[in-house]
A.B. asks: 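Encoded as C-alpha cells, here's the structure I'll be asking about.
Numbering of residues begins at 1 and proceeds along the displayed sequence. We count ligands from 1, going down the list as the structure has it; atoms in each ligand are counted the same way. Bear in mind the structure is a predicted one, so any value in this text is a computation, not a measurement.
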Amino acid sequence: MSTVFDELESNVRTYCRKFPAVFVRARGHTLWDRDGRSYIDFLSGAGALNYGHNHPAMKAALIDYLTADGPVHALDLHTEAKAKFLDRLDRIVLRPRGLAYRVQFTGPTGANAVEAALKVARRATGRTNVIAFTNGFHGLSLGALAVSGNLARRSASGVTLGDVTRVPYDGYLGQGVDTLDYLERLLDDAGSGVDAPAAIILETVQGEGGLAAAGPAWLRRLESAARRRGIVLIVDDIQAGCGRTGSFFSFEEAGLTPDIVCLAKSISGFGLPMALTLIRPELDVLRPGEHAGTFRGHNLAFVTAAVALDLWSSPQFTADLGKKCLLLDERVRSLTAAGATERGRGMLRGLFFSEPSVAARISRAAFEKGLLLETSSATGQVLKIMPPLTIEDSVLHDGMDILADTIQEVIHEKSG
Ligand SMILES: *Cc1c(COP(=O)(O)O)cnc(C)c1O
C-alpha cells in the first residue's frame, strides 16, 4: 500500500524506513501510532529528547507563553525569554562549574553550532587546518561534514572536503596504543606534512560513529597537548551533552575546560530546534553580523530550555540520573553474555556485534515488539541504547527485558 510519504517525501528519508509507523501521540518515554500501538522510546530523537516527549512543566510554560502572545520569532532581538534562558544557563550550569563562556546563538541545528565553532577557531588563530577524529560525527553542512568520518555521508556532498587532518580516536588502534603519541608527533614534526591546526574537534562519546567513549586520561592529555600549542579545543557536546552521560556536560568527568563547546539537540529540552556555541571570551572574535541567521535562538525553545535547566538545580534530579546510569550500566553489561561488546557511557550506550547484520535485525525485531532503538557506526554494527534521562526505572527494565529477549531470538534465528 503506497502512502503519502512514499509518494511525496524525498528518497533521503531514513528513520521512517526503519520504523514505518505513523505516530500520533507522545508522552514521556512512550510513542503511540495511529493503530493504537505503543512503543518504548530508546531512540530519544537521537539525543534531542533527553527529558522525554512533552515534558509537562515545559509544555505548561510553552502554553502560558503562547497564551500571553509572547514573541515567537524575534531574530536576535532582546526578549524576556532569552534573558531568562541566559540567566539560568549562567546561574545553574556555567558558574557552578567555574566556566565563563560567551554564548553565540547560531542557526537552530547542531551543524550550525559546529560551523560557528570552526569559523571562530579559524578566525581567532588565523590558521585553516583542523584536527578531527576517526568515526567523529559533527553534522552535514560542508564544514561540519569535513570534520566527520562517515564515508557514505562524506561522499554524498559532491565537493572536496578539505582543511582537515584525521587522526585516530582513543581506542582506534586497540587498547595497548595511546593514539595521542601519534597526534603529538604529527604536531611537533616539521616533516609530518600536517599544517599547524586552528582547532581540535571531538566528541567525548561518539554518538553516531559507534559509541566509542574516550577515557578521562586520554581527554586530559589531549587538552594539555592543545593548550601547549595554542590550538583551540572544541568539544562537540551536541549529543553527549545536556545530561546524556550523567553530568550536564560530557567532559566534566575528565575535568576538561574546552575553549569552545557546541550544544544543540537537547538544549531546548522539548525537542524544539535550538543550537548554541559556548566560546571562551578571548575567542569571541567575530564582528557583529559575521555569523548571522534568521533563526538564532528561538523564543519557544528559550522558554522550554529555561524549564529544562531548572531541573538541574534539583539535587533529586541529578541523584536520580546517577542511579539510572548505574542501572542501565548493569543491564547493558548483562547483555554482553550474548557475545556483544558494550560501549558508551552514562545513558548513551552501545552494544557492538561482530556479525554485520545482527544489530539492524535486533533493531527491526525490537520495533515489532514495541521498542524503538537504532543502530550506530559506519557499518551499523552497534545497537544504540538511549532512553530518556527521566525514564522510570520500571520502564527502563521493561525496555531492557524486551531488548534481552529480542537479542536471544535474533541470535538463535541465525544459528537455528
Ligand atoms: C546530531 C549531531 C550533530 C548535528 O546536529 P544537527 O542538528 O543534525 O545538524 C553534530 N554533532 C553531533 C555530535 C551530533 O550528534
Side-chain angles (χ1 to χ4, degrees), residues 12-16 43-50 104-119 121 130 132-150 152-154 156-157 161 164 169-170 199-214 219 233-245 248-251 256 258 260-278 291 293 295-298 301 305 343-350 373-378 382 384-386:
V12 82
R13 66 196 188 279
T14 51
Y15 289 102
C16 55
L43 194 60
S44 292
L49 292 164
N50 281 1
Q104 180 179 342
F105 294 110
T106 66
T109 69
N112 282 275
V114 170
E115 296 292 347
L118 296 171
K119 189 186 281 187
V130 169
F133 290 94
T134 49
N135 289 315
F137 178 74
H138 301 286
L140 296 178
S141 53
L142 296 179
L145 191 55
V147 285
S148 300
N150 187 294
R153 284 166 167 163
R154 290 170 62 78
S157 73
L161 299 167
V164 172
Y169 192 69
D170 191 18
I200 297 174
I201 184 167
L202 83 157
E203 304 154 90
T204 67
V205 183
Q206 299 187 313
E208 299 299 298
L211 281 312
L219 289 170
L233 181 68
I234 304 171
V235 172
D236 176 348
D237 230 8
I238 289 169
Q239 185 158 167
C242 298
R244 205 15 90 181
T245 63
F248 187 83
F249 293 111
S250 72
F251 50 81
L256 302 192
I260 299 181
V261 181
C262 301
L263 290 176
K265 290 205 166 94
S266 268
I267 187 63
S268 83
F270 200 70
L272 291 168
M274 171 176 174
L276 55 87
T277 304
L278 301 172
H291 198 83
F295 294 98
R296 279 176 303 135
H298 197 271
R343 292 189 178 175
R345 198 152 64 78
M347 300 288 278
L348 180 53
R349 304 304 298 261
L373 83 174
E374 63 170 319
T375 59
S376 174
S377 95
V382 180
K384 185 174 180 181
I385 304 165
M386 203 178 191

A.B. asks: Any atoms of ligand 1 less than 4.0 Å from a non-hydrogen atom of A111? List them with their elements.
C.D. replies: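 In order of number, 4 (C), 5 (O), 6 (P), 9 (O).
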A.B. asks: To which protein heavy atom is atom 6 (P) of ligand 1 closest, and what is the distance rounded to 0.1 Å?
C.D. replies: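 Looking only at protein heavy atoms, the one closest to atom 6 (P) of ligand 1 is G110 N, 3.4 Å.
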A.B. asks: Between E208 and R153, does the side chain to side chain contact (heavy atoms under 4.5 Å, CB included) criterion hold? Intermediate values first, please.
C.D. replies: CA-CA 12 Å; E208 299 299 298; R153 284 166 167 163; 4.0 Å; yes
A.B. asks: Between V114 and ligand 1, does any nitrogen or oxygen pair lie at a separation below 3.5 Å?
C.D. replies: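 By distance alone, the answer is no.
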A.B. asks: Report, in ascending order of atom number, the atoms of ligand 1 lying under 4.0 Å from any heavy atom of K265.
C.D. replies: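 Near K265, the atoms of ligand 1 are 1 (C), 2 (C), 3 (C), 14 (C), 15 (O).
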A.B. asks: So, for S250 and T204, which heavy atoms are closest and what is the spacing to 0.1 Å?
C.D. replies: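 Heavy atoms only, the tightest pair is OG-OG1, 2.6 Å.
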A.B. asks: Would you say that L348 contacts K384 through its side chain, given a criterion of any heavy-atom pair below 4.5 Å between the two side chains?
C.D. replies: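 When only atoms from C-beta onward are counted, K384 and L348 do touch, with a gap below 4.5 Å.
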A.B. asks: Just so I know, are the side chains of T245 and F251 near enough to count as touching, which here means a heavy-atom distance under 4.5 Å?
C.D. replies: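 Of all side-chain heavy-atom pairs linking F251 with T245, none is under 4.5 Å.
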A.B. asks: Would you mind running through ligand 1 and noting each atom that sits below 4.0 Å from a heavy atom of H138?
C.D. replies: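 Here the atoms of ligand 1 in question are 10 (C), 11 (N).
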A.B. asks: Can you tell me which portion of I238 lies within the under-4.0 Å heavy-atom range of ligand 1? Options are side chain, backbone, both, or neither.
C.D. replies: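 Side chain only.
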A.B. asks: Which atoms from ligand 1 have a heavy atom of G139 less than 4.0 Å away?
C.D. replies: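 Answer for ligand 1: 4 (C), 10 (C).
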A.B. asks: Is the shortest heavy-atom distance from the side chain of E203 to the side chain of H138 under 4.5 Å?
C.D. replies: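 Yes, close enough: below the 4.5 Å cut-off.
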A.B. asks: If we ignore hydrogens and angles and just use 3.5 Å, is the side chain of S376 paired with the main-chain N or O of G207 as donor and acceptor?
C.D. replies: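 Indeed, once roles are kept as given, a pair shorter than 3.5 Å links the two residues.
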A.B. asks: Should you measure from each heavy atom of E203, which atoms of ligand 1 turn up under 4.0 Å away?
C.D. replies: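 The list of qualifying atoms is 13 (C).
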A.B. asks: Just to confirm, does any protein heavy atom lie below 4.0 Å from atom 8 (O) of ligand 1?
C.D. replies: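 Given the 4.0 Å cut-off, atom 8 (O) of ligand 1 does not count as touching protein heavy atoms.
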A.B. asks: Within a distance under 4.0 Å of any heavy atom of D236, pick out the atoms of ligand 1 and give their elements.
C.D. replies: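 Answer, ordered by atom number: 10 (C), 11 (N), 12 (C), 13 (C).
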A.B. asks: Is K265 close to Q239 at the side-chain level, that is, under 4.5 Å between some pair of heavy atoms?
C.D. replies: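 Side chain of Q239 against side chain of K265, heavy atoms only: contact under 4.5 Å found.
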A.B. asks: Please indicate whether any nitrogen or oxygen in E208 is less than 3.5 Å from any nitrogen or oxygen in ligand 1.
C.D. replies: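 Between E208 and ligand 1 (N or O atoms, distance only) the closest approach is not under 3.5 Å.
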A.B. asks: Could you check if a side-chain atom of E115 sits within less than 4.5 angstrom of a side-chain atom of T106, using non-hydrogen atoms only?
C.D. replies: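 SC-SC contact between E115 and T106 ruled out.
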